[in-house]
Undergrad: 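My structure is below; once you've seen it, I'll send some questions.
Residue numbers count from 1 along this sequence. The basis for the numbers below is simple: all heavy atoms, side chains too, and nothing from hydrogens, waters or symmetry mates. These figures come from a predicted structure and were not determined experimentally.
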Amino acid sequence: MLSQEDVNFIENSLSYEDKVSLIFLLYGHRNPQYALQILTVVSRASVSEETSFLVDWMNYVHQSSDWENELLEVLTIMEQNLLLLRAGYDDDELRLKFFPRTAEIACFVHPMLKGLYHFCERLNDENTSKLVNQLQRSTSIPSQQNPCMEIALLHLLCNEGIQLGLKQSGQESNLLVLTAACKAVELYDHSDFLKSIVSHFNRHLSNQNQEQSDASTKNIPNISDVTVGHSPSKSVITKIQTTPSPLESYTFHPERAGIVLLINQFTFYRETNPELIELMPPRPLKDRKGTEVDKKALESLFTEFGYELILEENNTHHQILQAVQHAVQRIKSMHCSLVVCLLSHGQEGKVFGSNSIPVEVKAIQQLMANERLTGKPKLLIVQACQGADLQSAVPIPNHELDGLDGEEKTASVFMDFLVAWSTVPGFASIRHIEKGSWFIQELCAKVRQLYESEHIMDILTAVINDVASKRGYGNECMVPIVQSTLSKKLYFQRRT
């Protein structure tokens, strides 16, 4: 629990610019006018003079049980990692709990304020100055001696030039004034970013409103023309405006979730069949240390959602295909989905059997594209390299790579398929020999944290964002990739 002394220490360890961001994120939706007053006081304080606005905020919202989480989330969003460590928090745990680099998702902070903070961070000084000047010309916000985007946004919030929106009351977000100003100064990428965060926020409101509308009009016939006030001499025809229904969701019940096939490859040998020898990589494949951690994480995750687990370990290339075919045959009409997880070494579009012979992932997809699964979501999760390139060639202590160079590429070409690769084609996938792979660990953590409110594609967006922000000891990085032909939203439910 943060004490008043902790909060005071945090506040007075921040620079003026960081205090502006902190005030914007904490007060922007509560009282932007008061936030501007606080900033006036903060700007006049000398470098050595202490301020106490954060203690005042703590006392102001202390009745809320989430105030500490909100403050920690704000500091995590601002990437105040060193400060959080000095305050006694594990910054890695906070990054797992919150999603600092994913602009569309917030836990305790108002999501639109988080999105706008990311918008401000994308602006350089020149673009900030151009945009603030444009807003001064097109709106009634006052001029600033040193243009600051967050202060300009607070002024827009005060005069309702922009609206953050409120989920509880169904009020949508509106950033049209800001979007128009971006276009006026030719910041088209920034304008598109604003549109994306507004769309994400309002989309959830639209879904809620649609659900409420569906509940209240369940028994009303679906017609577009209704005759009102009928009389012998005249009929008044009223046109009812119909709107397209939102994207549907796949049926998912944890009692009949389906099958999850987990193929975990951790030891490898060299095939001796002379007809297959030329398919083997030139060098022996190393054992995959750390994959046990990934296996346990996936087992725990999918069994919590009601899946029947099939575990296969150290399968040859032929046994991998047999295992997939067997899992497909186990699917019954009542089942909702099929999940296949492949943990192995790999090349572009291929994974290795325990006998060091590669299997094309598209061959696995073809087996999954069975009539038994028509209309059901089919998820294929691949933790394996698609090449050997790294951002830097520095060896990674305690990390290994799951693959070799390759040539062929593969893509999902079937309906209701989702293929999630741990890394983009041509690049290596990083796995910690004690903590497991970056991709699988982030995937399991994000699904657990977001499954109640987000569908799988939005969850994977958060996974991509957070994995891409990780760095190895030699500044190595990786970016997962998702290929999808899902036609509906897929939401998981936990088994009770």
Undergrad: Between S21 and E17, is there a side-chain donor-acceptor contact under 3.5 Å, judged purely by atom types and distance?
TA: no
Undergrad: Using modelled atom types only, decide if a donor and an acceptor are shared between the side chain of D294 and the backbone of S437 within a distance under 3.5 Å.
TA: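 At least one qualifying donor-acceptor pair exists.
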Undergrad: Say you draw a straight line from CZ of F302 to SG of C341; how long is it, rounded to the nearest 0.5 Å?
TA: 5.0 Å
Undergrad: Below 30° counts as parallel, above 60° as perpendicular, anything between as tilted: where do the rings of F492 and F305 land?
TA: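 Judged by the thresholds at 30° and 60°, the geometry between F492 and F305 is parallel.
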Undergrad: If only atom types and distance count, is the side chain of T102 paired as donor or acceptor with the main-chain N or O of I105 below 3.5 Å?
TA: no
Undergrad: With rounding to the nearest 0.5 angstrom, report the CZ to CD1 distance, R101 to I464.
TA: 15.0 Å
Undergrad: Consider only side-chain N and O atoms of S487 and D416, and report whether a donor and an acceptor are under 3.5 Å apart.
TA: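 Judged by distance alone, the side chains do pair up.
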Undergrad: At what distance, to the nearest 0.5 angstrom, does NZ of K195 lie from CG of L178?
TA: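 The CG atom of L178 is 12.0 Å from NZ of K195, to the nearest 0.5 Å.
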Undergrad: Is it the case that S173 and N202 place a side-chain donor and acceptor less than 3.5 Å from each other?
TA: no
Undergrad: Looking only at side-chain N and O atoms, does T76 offer a donor or acceptor that is under 3.5 Å from a partner on Y89?
TA: no
Undergrad: Are the side chain of K378 and the backbone N or O of K376 linked by a donor-acceptor pair below 3.5 Å?
TA: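 Yes, because the side chain of K378 sits within donor-acceptor range (under 3.5 Å) of the backbone of K376.
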Undergrad: So that I can tick it off, tell me whether E304 and R448 are bridged by a salt bridge, with the cut-off set at under 4.0 angstrom between side-chain N and carboxylate O.
TA: yes
Undergrad: Hey, do the aromatic rings of H110 and F201 have their centres closer than 6.0 Å?
TA: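 Between F201 and H110, which both carry aromatic rings, the centre distance is below 6.0 Å.
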Undergrad: So, D18 side chain and L14 main chain: donor-acceptor pair closer than 3.5 Å or not?
TA: no
Undergrad: Parallel under 30°, tilted from 30 to 60°, perpendicular over 60°: which one fits the rings of Y34 and Y27?
TA: perpendicular
Undergrad: Checking Q483 against W421: is there a side-chain donor and acceptor pair closer than 3.5 Å?
TA: yes
Undergrad: Taking NZ, NE, NH1 and NH2 as the nitrogens, is one of them in D466 or R95 under 4.0 Å from a carboxylate oxygen of the other?
TA: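 Looking at R95 together with D466, the answer is no, because their closest N to O distance does not fall below 4.0 Å.
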Undergrad: Is R122 reaching over with its side chain to a backbone N or O of H118, donor-acceptor style, under 3.5 angstrom?
TA: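 Here the side-chain-to-backbone pair does not exist.
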Undergrad: Decide, yes or no, whether a salt bridge links K19 with E50 under the criterion of side-chain N to carboxylate O below 4.0 Å.
TA: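 No.
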